[in-house]
Each structure stands twice: as structure tokens, then as C-alpha cells.
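Since the structure comes first, as C-alpha cells, the remarks are kept for the end.
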Amino acid sequence: MNSLPEATALLASGDNFLLTTHLHPDGDGLGSMLALGRALKSRGKRVEMVLAEAIPSSYTFLAGAQEVRREPPTDFVPSLVIALDCGDRTRMGLPPSFSFPPEVPILNVDHHLSNDFFGRVNLVDPEAAATGELVHRLLSAGGYKLDAAMATALYVAIATDTGFFRYTNATRSALALAARLVEDFALEPGKIAEIVHEQKSLNAIMLLSLVLATIQLALDGVVAWMYLSQEMLLRYPVEIEETEGFINYARSIVGVEIALFFKEAKPGEIRVSWRSGPTVDVSQLAAHFGGGGHARAAGCTIYADLAEAVERVLGFLAAWHRARERQR
Ligand SMILES: [Mn+2]
């Protein structure tokens, strides 16, 4: 069931809500969770926001960020679990020790193309620029009154997922909603961008210099790839989230259609970020390695050493590239 009325009805009916977003949370997941959590609380609902990981420092300014717990209170049995910005159930950032009864419904609010509709009720729209846009739809349909804190959280959700309105998902409706939030609640986009964006540690910048030095082109310049090894991370320790934007440099090279960033999260565990321009759907390519995401931004994890992961992905892309050349 993929329906707005069903989703609003679920929110109106229950009293104990467990909200979560994906691990390695981003501005969209966190902003969506915090805005919805605050709105539900304003209706007198019990809300527990849970994420089994620390919140990146660039988002701790958002109202309610301090209320997010690593695990639910021991006595807590939710009447509804709400997953925000999670493409599938395994992405939900709940601690492995926590389980809830199978009869408890999940409301799945998401905009990933690869979303597999794991909820009892799903509010899934790949056309939405951000999950925050869907949360806004949900709150409007339910007649919830926004306040400045919710508006800020939703603005951050939309701004961060559109690369501060630079990516192809910076649609008319995303811009219009952001503008309305700014106007109605006197938000300051410049200030918000500075808090979210310009808070890099010196280590992150030094690490960027090492990563940029690894950029190589492949397949006649169609692919640019780069990597981050454990050795580099030991030299300049950062939270892995701080490396999120690095891949944009590879994608910005003239002629490059696919950018790849291989991150050795642990020895033997390589997280690969995929970015593309309008000519390639990387969510389909990443799916070959069990990953997914959006057409222009996807990810997968490969359990191998760094060199082998690079070889597997480039080998796969070489075959894809040859097949595409033949079709032309
Ligand atoms: Mn998102």
C-alpha cells in the first residue's frame, strides 16, 4: 500500500511512535525524523527517536537532536515504527539488540528509487527531491501546524539532498517548498548552509588532499575513480561521514559520466559511492553489487580488499561500456 491518506491515518491512530532513519545519517534522514518527531509530540504522542550511531556534528544544531537515543528505553513497545529515508528494512538504524513484535506496523517514508516497499504502509515517491518533502506532504495532509524548528529541519533535509539546490533533483517543487519554509518562518539559508556545510575539520581537508591524489580516469574518461584506504584514515582520522562530499570532485571532471569513490571502511569492507550525470542510472549499476539508491547517487558494499573491489567494479563497467558502445 503506497498511500498518503493511509499514512496520515496511521499517524492519527497510534500513541507510541518509534522513529528512525538510516545509519550514516544525512541531513535528509535526520531532518525528516526530527521534523516529524516534533510534530507528533505537539499532538501529545509519545515519540522515541532512535539511531544506533552518533549524529554528525553538522546536524546537532537541529532542535531535538539531543533527544535522539542510541537505543529505545527498555520498557518501550511502539504502536508504530516509522522509517525515514530508508530504501529497505535492513537500512533502518535500530540497534541489532532491539526487536519489536511482528504485528507492529512499519510506516516507510522514502524517496529512493530502489525502495522495496517494506512497510505495512508506504509513502514512497522517487520523484520527491528529499524524504523531507514527503514528511511535509504528510504533515500538511494531517493538518499539523509547523513551527520554525520543524521548518528548519525540513529545509535542511531538502537543501542537503539536493546538494544545496545544485543537483538534478533540485526540482521546481523542491525549490518552491524551500522558499515557502524560508518565507513563512524567516529562515536564513546562508546561515544554515554555513552551519551544515562549512564545519570541516582540518583532518578532513588533509584527507581530501590524499584522496584527490588518487583520482584516475578509466574507460576513455567516462569513469573517474578514487579511493580512501585505512592507512589514510589512520593518518588523518575523521568520521567517515566527513568524506561524503569528496566524490563530487571526481564527478565534476569534464567528460566524466560516472564517478566512483572506494572507501575502505574496515579491512575487507569497501563502501563504494556512485555518482553520475544525466546519462547514466547508477542505481541500476550499483544493484549488480547488491547496492541501490538514486539514479544519480547510489552506493554498494563489497567485501574484498581495496584492489579487488576496484578491479571488480571497473571490470563490470568495462563490459557495460562495451555493450553501450555497440548499441550506439
Ligand atoms: Mn534522502
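Not measured: the values here are computed from a predicted model. First listed ligand is number 1; within each ligand, the first listed atom is number 1.
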Practice task
Would you verify whether the NZ or CZ of R43 falls within 45 degrees of the ring axis of Y144 while also being under 6.0 Å from that six-membered ring's centre?
Solution key: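 Yes, R43 sits over the ring of Y144.
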Among the N/O/S atoms of [X], which is closest to the Mn ion (ligand 1)? Give the atom name.
X: D161; value: OD2
X: D85; value: OD1
X: D28; value: OD2

Return yes when at least one N/O/S atom of [X] is nearer than 2.8 Å to the Mn ion (ligand 1), and no when none is.
X: D26; answer: no
X: H111; answer: yes
X: D110; answer: no

Problem - Side-chain cluster (under 4.5 Å, hydrophobic types only) that Y303 belongs to, other residues - result: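 Its cluster mates, by chain and number: none.
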Problem - Check: F185 ring centre within less than 6.0 Å of Y155 ring centre - result: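 Here the rings of Y155 and F185 have centres that are no less than 6.0 Å from each other.
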Exercise for the section: Might you confirm whether atom CZ of R324 has over 12 heavy atoms from other residues, nucleotides or ligands at distances under 6.0 Å? Expected result: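 Yes, enclosed.
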Practice task
Could you tell me which non-hydrogen atom of M92 sits nearest to which non-hydrogen atom of I106, and how far apart they are?
Solution key: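 Looking at all heavy atoms of both residues, the closest pair is SD-CD1, 4.5 Å.
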